[in-house]
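Worksheet for the structure shown next.
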Amino acid sequence: GLTENLVPELDRLLKRVIETDNTVQTEKKVPFSKGATRYYEIILNPLHDEKGKIIGIGGSARNILHRKEAQKALRESEKRFRYLVKNMPVGVLLYGSQKEFIMSNPKALELLGVEDDQLIDKTLNNKNWNIIHEDGSEFPEFDRPIQQTYTTGKAIHDVVMGINRPGSTELIWLLVDTVLIRKEDGSIRNVVCSLIDITKLKKVENELRENEQRLKYHFENSPLAVVEWDTEMTVTQWSTEAEHIFGWVKEEVLGKRIDE
């Protein structure tokens, strides 16, 4: 029974207390009836007389099965979390309450151009990276999403960052978001940062912008009068040559119907 399983362990611990004259604390897994298992936390303290001589041993034992079950559930939950993060198609970075880097997934390492977690600085401030805004201006460290999350205590969403990665001439564009995980007292426990590669989307946007600029150039410089109407036959475009041919400037006709 319970006593038979604990006696050998208690005997060993009692001898250890006497030999070391120190408190001993341990956890013991004990088989129970019908295949059940219980866990006990055992604490033994030496008792002394006025001269400091050991005159006895005091102790306690308590059932910690619920705590062990909770720890097991937490480990399993963390295992599932890490598996999910590892296999996500977006980059994920996890930071602690003191901005310390905890983990990343393979996609994040791929996007950031590093091969080892240790190369990732706590605020994405690797000196070999040139991080820029969409307009090409420098993206200072204090303004970056992770740093802003710790500074303001708020999640940051939809920030576009361009990164020139070390050893590469290719500029990669990332859509960055952060999420806060708080402790019971409201303080920050973790910050989760997600990275989505939008480089192809930015390329398409740039191509569309260039096409619009070319179209606008040809529109304004065509030797023909170019006029556009919407479905209500309201004038939406009026070229420079149309002004010369019809005698009305753009401001006079835009927004008006052809029969006005």
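- A parallel orientation is assigned to the rings of His133 and Phe139, their planes being inclined by less than 30° (bins at 30° and 60°).
- Summarising the geometry, atom CG belonging to Leu195 is positioned 11.5 Å from atom CD belonging to Glu110; distances are rounded to the nearest 0.5 Å.
- When atom types are taken as modelled, the side chain of Gln148 and the backbone of Phe142 share a donor-acceptor pair closer than 3.5 angstrom.
- One distance of note links CD1 of Ile245 with OG of Ser239; it measures 7.5 Å at 0.5 Å rounding.
- In this structure, the side chains of Ile132 and Leu171 come closer than 4.5 Å at one or more pairs of heavy atoms.
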Verdict with reasoning, Thr149 to Lys154, per side chain to side chain contact (heavy atoms under 4.5 Å, CB included): CA-CA 5 Å; Thr149 299; Lys154 298 179 180 179; over 6 Å; no
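- A donor-acceptor distance shorter than 3.5 angstrom exists from the side chain of Trp238 to the backbone of Trp248, with no hydrogens or angles considered.
- Residues Leu10 and Leu47 are members of separate hydrophobic clusters, defined by side-chain heavy-atom contacts under 4.5 angstrom among Ile, Leu, Val, Met, Phe, Trp and Tyr.
- No donor-acceptor distance shorter than 3.5 angstrom exists from the side chain of Asn190 to the backbone of Ile181, with no hydrogens or angles considered.
- Gly247 and Glu252 make their closest contact through O-OE1, 4.3 Å (heavy atoms, listed as atom of the first residue, atom of the second, distance).
- Taking 4.5 Å as the limit, some side-chain heavy atom of Glu241 sits within range of a side-chain heavy atom of His244.
- Hydrophobic cluster membership differs between Ile43 and Ile54, with clusters built from Ile, Leu, Val, Met, Phe, Trp and Tyr side chains linked at under 4.5 angstrom.
- Side chain of Thr178 to main chain of Ile156: a donor-acceptor pair is present (N/O by atom type, distance under 3.5 Å, no hydrogens or angles).
- Inter-residue side-chain proximity for Lys99 and Gln147 is flagged as met; some heavy-atom pair is nearer than 4.5 Å.
- Remark: the Asn45 side chain and the Thr23 side chain contain an N/O donor-acceptor pair separated by less than 3.5 Å.
- We find the CD-OG distance between Gln25 and Ser60 to be 8.5 Å, quoted to the nearest 0.5 Å.
- To the nearest 0.5 angstrom, Lys15 atom NZ is 11.0 Å from Leu13 atom CG.
- Applying the salt bridge (Lys or Arg N to Asp or Glu O under 4.0 Å) definition to pairs two or more places apart or across chains, those involving residues 58-71 are Glu27-Arg67, Glu27-Lys68, Glu41-Arg62, Glu41-Arg67.
- Across all their heavy atoms, Phe246 and Ala225 have their closest contact at CE1-CB, 4.0 Å.
- A distance of 9.0 Å separates NZ of Lys53 from NZ of Lys51, quoted to the nearest 0.5 Å.
- Between Trp173 and Thr199, the closest heavy-atom pair is N-OG1, 3.0 Å.
- Between Ile188 and Leu180, some side-chain heavy-atom pair lies under the 4.5 Å cut-off.
- Pairs engaging residues 186-208 under the salt bridge (Lys or Arg N to Asp or Glu O under 4.0 Å) rule: Glu134-Lys202, Lys202-Glu205 [sequence neighbours left out].
- Val191 has its side chain out of reach of Val179: every pair of non-hydrogen atoms, C-beta onward, lies at least 4.5 Å apart.
- Checked against salt bridge (charged side-chain N to carboxylate O under 4.0 Å, His left out), Lys250 has the following partners two or more places apart in sequence or in another chain: Glu220.
- Ile102 and Met88 fall within the same hydrophobic cluster, where Ile, Leu, Val, Met, Phe, Trp and Tyr residues are linked whenever their side-chain heavy atoms come under 4.5 Å apart, directly or through other members.
- Put simply, Ile198 and Val92 are part of the same group of oily side chains (I, L, V, M, F, W, Y) that touch within less than 4.5 Å, one to the next.
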Criterion salt bridge (charged side-chain N to carboxylate O under 4.0 Å, His left out) on Lys79 and Glu76, from CA distance to verdict: CA-CA 5 Å; Lys79 184 178 180 180; Glu76 292 176 349; over 6 Å; no
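- Between Asp177 and Val159 the shortest side-chain heavy-atom distance does not fall below 4.5 Å.
- The nearest pair of heavy atoms linking Phe101 to Leu93 is CE1-CD2, 4.2 Å.
- The two atoms that bring Asn105 and Gly91 nearest to each other are OD1-CA, 3.5 Å, heavy atoms only.
- A chain of hydrophobic side-chain contacts below 4.5 Å, direct or via other Ile, Leu, Val, Met, Phe, Trp or Tyr residues, connects Val90 to Leu201.
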Intermediate values then yes/no, side chain to side chain contact (heavy atoms under 4.5 Å, CB included), Ile163 and Leu112: CA-CA 8 Å; Ile163 300 181; Leu112 296 174; 4.0 Å; yes
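- Within the model, atoms CD of Glu19 and CG of Leu14 stand 11.0 Å from one another, a figure rounded to the nearest 0.5 Å.
- By the 4.5 Å heavy-atom criterion applied to side chains, Val235 and Val227 are counted as neighbours.
- Leu174 is listed as a side-chain neighbour of Leu111, based on a closest heavy-atom distance under 4.5 Å.
- Residue Gly59 comes nearest to Leu44 through the heavy atom pair CA-CD2, 3.8 Å, listed as atom of the first residue, atom of the second, then distance.
- Side chain of Thr20 to backbone of Arg16: a donor-acceptor contact under 3.5 angstrom is found.
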Tyr95 and Ile146: CA distance, side-chain angles, deciding distance, side chain to side chain contact (heavy atoms under 4.5 Å, CB included) verdict: CA-CA 9 Å; Tyr95 296 85; Ile146 295 174; 3.4 Å; yes
